[in-house]
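Note that ligands are numbered from 1 as they come in the structure, with each ligand's atoms numbered from 1 the same way.
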Amino acid sequence: MKVTVSPCQRVHGHLVVPGDKSISHRGLLFGALAHGRTEVRGLSGGEDVHSTARCLRDLGIVITERAADCVWVDGQGLRGFKAPTAPLDCGNSGTTTRLFMGFLSGQSFDTVLTGDASLSQRPMNRVAQPLTAMGARFTLTEGKHAPVTIHGQGRLRAADINLEVASAQVKSAVLLAGLYAEGTTRLGGRIDSRDHTERLLPHFGAQLDRTATQISVKGGELHGASVVVPGDPSSAAFWLAAAAAAPKGHMEVTQVLLNPTRTGFFRVLERMGASLTEHIIEAELEPVGTVSLRAQGLAGTSITAAEVPALIDEIPLVAVLGALAEGETVVHGAEELRVKETDRIESVAKNLRLMGGTIETFADGFRIVGPQKLRGAALDSMGDHRVAMAFAVAALSAHGETTIEHAEAASVSYPAFWETLAGLGHG
Ligand code: S3P
């Protein structure tokens, strides 16, 4: 699908965004691992979350749709899964693949995980490595990619694991494997990624403790729970960025997740000059509330390695805003972007250059000096949802029309994105 985006300088609105993708995956999966019924409300309708549901169904889990965004998951306990009769298709979803590697290594059967061409390029050895220390066994394609065969070991060993990359997917895989081990699994090192697994597992009855430097989890069963999924701040980010870039832009997003491990981009928007307020309305499982933004011009900023985990998925938007901002925007410590759905440093640079922009890329980031006059161009998402949506935002501030090929990729996390974009400024 190819979409055409026309420039639009009137960006304002009051929106709710779809349910958080990370919490939706976890709600479904932890429900499947638990004994009894779990209700997940506010579930993301994105394709990645459908991939998790489909794979769980292929493992014999009954998931009942109660309403458009509400499901019941009838879990059968940690070992209540049925051996699948065919490989499980994880689609485009790295989260599905990596979290499944965690709990499937504790089953008493083998499973094969496959996915699309992009998923099959992404590193899975980063999960296999720590899990192998717990007694798990895998066969990876070329030693690192999907298709991945998980040779279920029935039981795993508790271990002390030092995480080398700040990845919530790897961290979560280890914590899930820890449920299948006798004793306590301890995780240290780069545990500073999004913390939804740490927040949610105890809600399902897991014995999990954490300090700033260590997470520990004991082996043991889970019980069903009720999960209300707040709006996805990574989806809200597109509208906030669009408003920040528009003269007199303003935007309010309600019922959105305000977990500080996810809102790094809000801090960057503030530093770039936007006036932004967060109002937490509820803080039980996760902080949830309203974020409002008023545009006040944009200035460049520097993003350091320590900040990156809290805005990893929003860095394509930082590049777009960097091009429009006055002065220099520099990102370092974001080498993880190279192993996302596409190499996001390259995809962003390519599309920005097609719009007449200039960008210097590094192994771990980029430098942009603005303001640049972007012009409408023929772009391609390259199948990457966040690239498609970030360049729709760029197109709003360009001169002339932009087309984005493979725009359907947005459905991976935000199926209604193009519709919402079409309504922007008319509300
Ligand atoms: C996710 C973790 C992040 C993020 C992805 C979702 C998760 O990936 O980019 O969109 O739900 O755990 P990494 O764990 O690879 O950083």
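Against a heavy-atom cut-off of under 4.0 Å, K21 is close to the following atoms of ligand 1: 10 (O). Short contacts between ligand 1 and K340, defined as distances under 4.0 Å to a heavy atom of the residue, involve ligand atoms 3 (C), 4 (C), 8 (O), 9 (O), 13 (P), 15 (O), 16 (O). Listed by number with element, the atoms of ligand 1 under 4.0 angstrom from any heavy atom of A168 are 12 (O), 14 (O). With ligand atoms numbered from 1 in the order given, ligand 1 contributes 1 (C), 6 (C), 7 (C), 11 (O) to contacts under 4.0 Å with heavy atoms of S22.
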What's the verdict on ring-ring contact (aromatic ring centres under 6.0 Å, His included) for Y414 and F238, showing C-alpha distance, side-chain angles and the deciding distance? CA-CA 11 Å; Y414 201 159; F238 298 107; 7.1 Å; no
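Ionic pairing of D232 and K21 is not present here: no N-O contact between side-chain nitrogen and carboxylate oxygen is shorter than 4.0 angstrom. Between D384 and K340 there is no salt bridge, since no side-chain nitrogen of the basic residue lies less than 4.0 Å from a carboxylate oxygen of the acidic one. For the pair E47 and R54, the salt-bridge criterion is not met [side-chain N within less than 4.0 Å of a carboxylate O]. The pair R271-E307 counts as a salt bridge, with a side-chain nitrogen and a carboxylate oxygen less than 4.0 angstrom apart.
Remark: ligand 1 and R126 share no N or O pair separated by less than 3.5 Å (distance only, no angle test).
For atom 4 (C) of ligand 1, the nearest protein heavy atom (residue, atom name, distance) is D313 OD2, 3.4 Å. Looking from atom 14 (O) of ligand 1 to the surrounding protein, the closest heavy atom is S167 OG, 2.7 Å. Closest to atom 12 (O) of ligand 1, if we only count protein heavy atoms, is R26 NH2, 2.7 Å. Counting only heavy atoms of the protein, atom 1 (C) of ligand 1 lies nearest to Q169 NE2, 3.5 Å.
When heavy-atom distances to ligand 1 are checked against a 4.0 Å cut-off, R194 comes that close only through its side chain, counted from C-beta outward. Using a 4.0 Å cut-off between heavy atoms, H25 makes no contact with ligand 1 at all. Contact annotation for K171 and ligand 1: no heavy atom of the residue comes within less than 4.0 Å of the ligand.
Although no hydrogens or angles enter the test, the distance criterion places a donor-acceptor pair under 3.5 Å between the side chain of R57 and the main chain of I63.
When all heavy atoms of P230 and V256 are compared, the pair lying nearest together is CB-C, 4.2 Å.
Under 3.5 Å, the side chains of S93 and S51 contain no donor-acceptor pair of N or O atoms.
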